[in-house]
Amino acid sequence: MNGHHHNGDAAGKAVSYERVQIVDDEKRFTPDLTPQIEQWGLHNAGFDYDMVAVFGSQSTGKSTLLNRLFGTNFDVMDETRRQQTTKGIWMCRGKGMNVMVMDVEGTDGRERGEDQDFERKSALFSLASSEVLIVNLWEHQVGLYQGANMGLLKTVFEVNLGLFGKKTADGRNQRTMLLFVIRDHIGTTPLENLKATLTADMQKIWETLSKPSELQDRKLSDYFDLSFAALPHKVLAADKFESEVQELRKRFADKSREDYVFKPAYHKRIPADGVAFYMEGVWEQVQTNKDLDLPTQQELLAQFRCDEISTVAVTEFNEQAKPQRRPIESGKVIEGLGSMMRSWRSGALVRYDRDASRYHQGVYKRKRADLVAVLDSTLSPLFLGQLKNLHKSSLVAFKSEMLDGMRGDGYNFADIVATARDRCKTRFLQGAQEALVEDTDWSYDDELNLLKEEVRSLADQCRRDETKKMVNVIERNFKKQISEPLEIALSKPEPDMWDRVLTVFRQTLEKAESSYLAKAKSFDCTDEENATSLATLKKRAWLTLRGKVDEQTTDVAFLTKLRAHFEERFRYDEHGVPRVWRPADDIDGAFKKARDQTLELIPVYSRIQPLDPSLEYTLPSETSDSLTGSDEFDFPSTLIIFTETKILDLMSRFRRDADAYYVEAKRSTVSSVAQIPYWIYMVLVVLGWNEAMVVLFNPLYFTMLLFMLAAAYLTIQLGMVGPLFQVTRTLGNEMYRQVEHRLREHFSQPATQQVRAYAAEGDEVERELRRSKAEPM
């Protein structure tokens with residue numbers, strides 16, 4: 001960047017070349033330098049500029065030389081009055097070149113009398129600020145110690161040797177060129193001789209300096225390069241003076257010349273936009289008589305400017321990032337957030353690097369690291385928020401895909417889970433990787449592991465729910481399949497009843513287990529989960545069986561079964577024909593046999609116990625229902641249908657029902673005994689023949705018979721037969737009841753004591769039955 005100067009003004013821009021007084025008569029530094037540098041068009045020049053100052057006795061034509069060399073407009077001395085014109089320190093931009101030119105108030109000034117302080121300070125200031133210091137002197141002053149201001153140079157060197165002894169940030173010595181311009185050179189003494197004299201004087205000054213111990217071996221050439229030029233008399237040889245000035249100007253403008261003066265080694269490495277601040281700091285230290293510490297000034301300037309540049313970059317960066325904070329906080333996943341963050345970050349760093357890299361490298365790098373930390377601390381919450389939102393949205397999408405995949409039948413659960421899990425992971429990784437910013441220590445591994453864990457947990461929960469639903473469906477199917485065979489088996493109370501029941505139960509359960517295992521393969525269940533679910537299924541199947549058994553063995557249902565069984569054996573013969581009991585039949589024997597056979601069934605029903613031991617079914621008592629969380633289960637107790645107390649109660653109740661059947665059978669035999677024989681009616685016809693003849697042949701009785709026939713005819717004609725039959729039927733029923741009652745009283749005397757006892761008990765049972773029918777169930 002050093003020495004790459006624009007030969008000309010900024011393209012397309014109006015550039016001012018006005019001068020500015022940077023230090024006034026009162027030794028105050030101007031605040032107008034920065035805006036003036038902007039007007040000169042050098043504010044954004046970076047390192048692409050140079051600084052030159054002039055040093056010499058008062059009224060030696062320094063301003064004139066600068067105006068001729070650089071096209072500046074410094075005030076020049078009025079030839080007639082010969083008075084000092086330059087007050088303080090002025091600066092102007094060289095015309096057509098990126099050079100800032102300083103004109104320092106002349107030394108030995110009569111106007112300032114013995115005020116050597118300003119001279120020393122301005123000389124220190126010029127030396128510290130410029131790359132090339134032009135020492136303007138007359139030919140006749142060469143060799144004159146005071147006239148050539150050698151004493152002042154010695155003071156400047158001595159006071160600031162500590163400064164020159166320090167190295168710059170990049171490890172090199174800070175070098176300055178001293179360009180001696182010998183004015184009014186007549187040519188009597190060759191330039192080479194003048195060069196030798198000046199060089200010897202400079203060496204003598206350097207050697208007589210009181211140097212710090214660590215700098216005793218340092219040479220003048222370590223810090224200064226000496227260069228020389230001679231100019232003829234401005235008035236006596238005006239044309240030659242102008243041509244020589246133009247030739248000298250080329251040494252400042254033409255980079256291709258070997259004697260080009262603005263070499264990179266001389267540049268102070270201060271960006272153009274920091275020159276004002278830097279020079280003000282230098283002047284402040286000169287003013288307070290402190291040792292001039294150039295690197296410290298460079299660092300102070302760098303800190304100030306880097307902070308400014310960094311603040312501007314951060315402000316613009318925050319404006320870009322601000323709109324994205326609220327969507328992130330509200331849970332949205334922002335598409336392209338990573339590219340946006342990378343763009344904001346790199347943009348801020350590019351802006352910082354462009355303006356700040358011209359300053360002190362150590363400070364620039366340190367402030368850059370601080371800037372990076374600020375940028376990353378702003379972006380990090382966005383990154384973490386994006387991860388969290390990606391996590392949530394991926395999990396929601398995973399759950400949705402799972403539910404969609406499990407709609408309908410015939411799906412493979414394991415495939416659905418694997419597909420949804422892969423998509424979830426891919427979706428998260430794509431978003432997380434896109435949101436990463438280079439050169440940061442950000443990581444999404446923790447969030448990814450947490451997502452995997454939650455996906456696994458969600459899949460397991462879903463699998464448990466699906467398994468639960470599957471077991472419930474299988475249980476319902478089991479209940480349907482076992483219901484009818486169980487009712488049929490329990491409706492035939494025989495000793496092998498439980499063998500038939502358990503055979504059906506085992507067959508149905510095996511089908512249910514096969515159905516579960518077939519579906520469990522697609523669920524990707526573990527062996528342990530399968531074992532648990534099968535144990536649950538077995539328990540539920542058993543409880544379903546027990547529930548159906550309980551339905552069939554309620555008191556009413558069970559007593560109905562017993563009555564049906566008893567009635568089948570007591571009221572029907574071995575061919576299934578209803579029995580008509582006669583007095584000669586063995587009712588008592590048949591009754592006892594049927595009753596005892598029926599009572600034997602109660603113990604059979606009371607416990608689930610097959611005749612074939614291989615059919616016995618067992619479940620461990622600790623079997624729990626993993627799908628409902630129920631742990632209470634006592635298998636042995638589920639084998640008992642009726643307790644001993646219940647068996648006795650059922651036997652007692654059945655006996656009362658059976659006794660009612662016995663009494664009914666006895667009554668039917670009594671009815672058959674009390675019936676009038678048919679031959680009696682024949683005897684009545686024979687014995688009553690004469691009385692019939694008397695009625696037919698007696699005129700009075702015959703007339704009555706005719707009247708009766710006429711009455712019957714009229715009754716038929718008038719449609720009174722129905723009502724007449726109804727009245728007659730009612731009278732007949734009442735007469736039959738009275739006759740039956742009388743005959744029963746008459747024939748009841750020969751009955752045995754046992755018959756009376758059964759009859760009495762039968763009446764009691766009959767009354768109880770009537771009462772139970774009258775009471776609501």
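- Panel note: side chain E319, backbone T315; no donor-acceptor pair is recorded below 3.5 Å.
- Under 4.0 Å is where a charged nitrogen must lie from a carboxylate oxygen, and between R423 and E401 at least one such pair does.
- Annotation for M340 and I334: closest pair CE-CG2, 3.5 Å, computed over non-hydrogen atoms.
- Checked against a 6.0 Å centroid threshold, the rings of F505 and F478 count as neighbours.
- The backbone N or O of H391 lies less than 3.5 Å from no partner atom in the side chain of S394, so there is not a single donor-acceptor pair.
- Side-chain N/O atoms of N477 and Q481 include no donor and acceptor closer than 3.5 Å.
- Nearest heavy atoms, R351 versus A313: NH2-O, 4.2 Å.
- Considering CG of L379 and CD of Q324, their distance stands at 11.0 Å, rounded to 0.5 Å.
- Side-chain contact of Y266 with R175: a donor-acceptor pair under 3.5 Å is absent, judged by distance alone.
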Side chain to side chain contact (heavy atoms under 4.5 Å, CB included) between Q461 and R456, intermediate numbers included: CA-CA 9 Å; Q461 182 60 48; R456 189 180 303 112; over 6 Å; no
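- Distance check: D355 CG to S310 OG gives 11.5 Å after rounding to the nearest 0.5 Å.
- Within the 4.5 Å cutoff, side-chain heavy atoms of R345 are placed close to those of V437.
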Given I608 and I641, is the side chain to side chain contact (heavy atoms under 4.5 Å, CB included) satisfied, shown in steps? CA-CA 7 Å; I608 302 176; I641 309 299; 3.8 Å; yes
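- Within 6.0 Å of CG in N449 there are more than 12 heavy atoms belonging to other residues, nucleotides or ligands.
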Side chain to side chain contact (heavy atoms under 4.5 Å, CB included), that's the test. Do S483 and K479 meet it? Break it down for me. CA-CA 6 Å; S483 182; K479 191 179 286 187; 5.6 Å; no
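- Counting all heavy atoms, side chain and backbone alike, L390 lies closest to V333 at N-CG2, 3.7 Å.
- The pair D465-K469 does not meet the salt-bridge criterion, since no charged nitrogen lies less than 4.0 angstrom from a carboxylate oxygen.
- A donor-acceptor pair shorter than 3.5 Å can be found between the side chains of Y364 and D353.
- A donor-acceptor contact closer than 3.5 angstrom links the side chains of Q433 and Y444.
- Between the side chain of S377 and the main chain of V374, a donor-acceptor pair closer than 3.5 Å is present.
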Could you please spell out the steps behind the side chain to side chain contact (heavy atoms under 4.5 Å, CB included) verdict for D273 and E38? CA-CA 8 Å; D273 57 356; E38 288 189 28; over 6 Å; no
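- When atom types are taken as modelled, the side chain of Y49 and the backbone of H43 share no donor-acceptor pair closer than 3.5 angstrom.
- Here the CE atom belonging to M51 is positioned 9.5 Å from the CD1 atom belonging to I270, to the nearest 0.5 angstrom.
- Without hydrogens or angle criteria, D649 side chain to T645 main chain gives no donor-acceptor distance under 3.5 Å.
- Taking a 6.0 Å sphere around CD of E484, one finds it holds 12 or fewer heavy atoms contributed by other residues, nucleotides or ligands.
- By the 4.0 Å N-to-carboxylate-O rule, R305 lies close enough to E308 to be salt-bridged with it.
- In this structure, K425 and K452 have side chains that are in contact, with non-hydrogen atoms separated by less than 4.5 Å.
- Taking every heavy atom of both residues into account, Q386 and A435 meet most closely at CG-CB, 4.2 Å.
- F277 contributes atom CZ, which lies 9.0 Å from atom CD of Q303 (distance to the nearest 0.5 angstrom).
- F262 and H267 have their aromatic ring centers separated by at least 6.0 angstrom.
- The two atoms that bring D376 and D439 nearest to each other are OD2-O, 4.5 Å, heavy atoms only.
- Summarising the geometry of A557 relative to E551, their closest heavy-atom pair is CB-O, 4.2 Å, with the distance given to 0.1 Å.
- When atom types are taken as modelled, the side chain of Y352 and the backbone of R368 share a donor-acceptor pair closer than 3.5 angstrom.
- For the pair R93 (side chain) and W40 (backbone), a donor-acceptor distance under 3.5 Å is present.
- Contact annotation: the side chain of K367 never approaches that of L371 to less than 4.5 Å [non-hydrogen atoms, C-beta and beyond].
- V504 is not listed as a side-chain neighbour of L486, based on a closest heavy-atom distance of 4.5 Å or more.
- You'll find the side chain of N318 stays beyond 4.5 Å of the side chain of W344, heavy atoms only.
- Checked by atom type and distance alone, the side chain of S330 pairs as donor or acceptor with a backbone atom of P327 at under 3.5 Å.
- Looking only at distances, no side-chain donor or acceptor of S400 sits under 3.5 Å from a matching main-chain atom of V396.
- The closest donor-acceptor contact from the side chain of S457 to the backbone of E453 lies at 3.5 Å or more, if one exists at all.
- For the pair D555/L650, a side-chain contact is recorded, criterion being any heavy-atom separation below 4.5 Å from C-beta on.
- The cationic group of R269 does not satisfy the cation-pi geometry with Y359, failing either the under 6.0 Å distance to the six-membered ring centre or the 45° limit from the ring axis.
- Rounding to the nearest 0.5 Å gives a distance of 8.0 Å between CG of L436 and CE of M341.
- We find the CG-CG distance between L387 and L451 to be 10.5 Å, quoted to the nearest 0.5 Å.
- The number of heavy atoms from other shown groups lying within 6.0 Å of CZ (R325) is above 12.
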